[in-house]
Amino acid sequence: MTLKLQMLGTGSAFAKNYYNNNALIQDENFTLLIDCGVTAPLALHQLDKTFNDVNALLITHIHADHVGGMEELAFMMKMKFNRKLPLYIAEALVEPIWEHTLKGGLYQQGHISSLQDVFDVYPLKPGVKTDISPGISVELIPTQHIPGKDSYSLYLNDRIFYSADMVFDPQLLNELVNERDCEVILHECQLQGPGEVHTTLDELLSLPENIQERTYLMHYSDDVEAFIGKTGIMEFVEQQRVYEL
Ligand SMILES: O=c1ccn([C@@H]2O[C@@H]3COP(=O)(O)O[C@H]3[C@H]2O)c(=O)[nH]1
Ligand SMILES: [Zn+2]
Ligand SMILES: [Zn+2]
């Protein structure tokens, strides 16, 4: 079964010409939002959508370009749409996302005192495949990003790899393609400078051709146009465009 992918944004954390790297994944009757950054409410609005058009939220890690829109989402769902959205998130992030990110804005005495008061929380175990809808499954793959910060890339429907922010991991990409029949790789891409906490374009260009041919680049900076034609056989994902995967 094919899935539809529409990126709300394809920008890096500090991009200004592109919205945050957040995605809508759709099967026939279900829309999953992957990450909900600061720009997600406006990016959805630009597509004539609201959070009420989303059936569930899946979070990769706690950085503002991935979770900064969750306070607005939670308030909108509670106050305007009167329902809780299912939230799929690694079990290790359940407590930190409430205590360190959301509690300050969402807490209301007698009304909201936990993550479960505003979301239907589904804690995910890394390495365990979970059905989110009849047509969408996810397995979390822990990947390295910032030392001491848990970050999880996604393996969707046993065939689509969606990188969280991560440092280059060629061994993982090799294993996914050559041993797990991965068909599509949506990978974050830092265009310039040393990777440090991200994967660089130069690193991705060092991958074997059979990996590059299925790799699409996202989470890029505002200078992306200078790199068109310099990505080998890999293509940039365009925000708002609908792709069939
Ligand atoms: O050790 C660090 C920590 C952070 N940063 C920047 O902060 C950003 C946070 O969001 P991001 O993960 O999309 O991208 C990160 C980088 O741009 C960095 O360059 N080095
Ligand atoms: Zn990011
Ligand atoms: Zn990050």
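Computed from a predicted structure; not experimentally measured. Along the sequence shown, residues carry numbers from 1. Both counts, for ligands and for their atoms, begin at 1 and track the order of listing.
- In this structure, His63 is part of the shell of residues with a heavy atom less than 4.0 angstrom from ligand 1.
- Ile25 has its side chain out of reach of Thr31: every pair of non-hydrogen atoms, C-beta onward, lies at least 4.5 Å apart.
- Polar contact with ligand 1: present for Asp65 (N/O pair, distance under 3.5 Å).
- In this structure, the separation between OG on Ser113 and CG on Leu106 is 11.5 Å, given to the nearest 0.5 Å.
- Taking each of Asn20, Val197, Asp165, Ile62 in turn, the one with a heavy atom nearest to atom 18 (C) of ligand 1 proves to be Val197.
- Dense packing is recorded around CD of Gln108, with more than 12 heavy atoms of other residues, nucleotides or ligands lying under 6.0 Å away.
- Salt-bridge check for Glu91 with Lys125: passed, with a basic side-chain N closer than 4.0 Å to an acidic carboxylate O.
- Ring planes of His63 and His145: perpendicular class, angle over 60° (limits at 30 and 60°).
- Contact between Glu188 and ligand 1 is absent, with no heavy atom of the residue lying under 4.0 Å from the ligand.
- Our summary of the site lists the angle at the Zn ion (ligand 2) between NE2 of His219 and NE2 of His66 as 110°, to the nearest 10 degrees.
- Annotation: atom 14 (O) of ligand 1 to nearest protein heavy atom, His198 NE2, 2.8 Å.
- The Zn ion (ligand 2) has an N, O or S atom of Asp65 under 2.8 Å away, backbone or side chain.
- Among all protein heavy atoms, the one lying closest to atom 8 (C) of ligand 1 is Phe14 CZ, 3.7 Å.
- Leu58 and Phe161 sit in two unconnected hydrophobic clusters of ILVMFWY residues. Membership requires side-chain heavy atoms under 4.5 Å apart, directly or through other members.
- By the criterion of side-chain heavy atoms lying less than 4.5 angstrom apart, applied directly or through intervening Ile, Leu, Val, Met, Phe, Trp or Tyr residues, Leu172 is not grouped with Val167; the two fall into different hydrophobic clusters.
- Near His145, meaning under 4.0 Å from one of its heavy atoms, ligand 1 places the atoms 12 (O).
- Counting heavy atoms of neighbouring residues, nucleotides and ligands inside a 6.0 Å radius, atom NZ of Lys149 exceeds 12 of them.
- The side chain of Ile146, and not its backbone, has at least one atom closer than 4.0 Å to an atom of ligand 1 (non-hydrogen atoms only; side chain from C-beta on).
- Looking at His219 against ligand 1, only its side chain comes within 4.0 Å, counting heavy atoms.
- Taking the Zn ion (ligand 2) as reference, Asp165 places its N/O/S atom OD2 nearest.
- Aromatic ring orientation, Tyr220 versus Tyr18: perpendicular (interplanar angle above 60°, classes split at 30° and 60°).
- None of the N, O or S atoms belonging to His63 lies under 2.8 Å away from the Zn ion (ligand 2).
- Angle NE2(His145) to the Zn ion (ligand 3) to NE2(His61): 110° [nearest 10 degrees].
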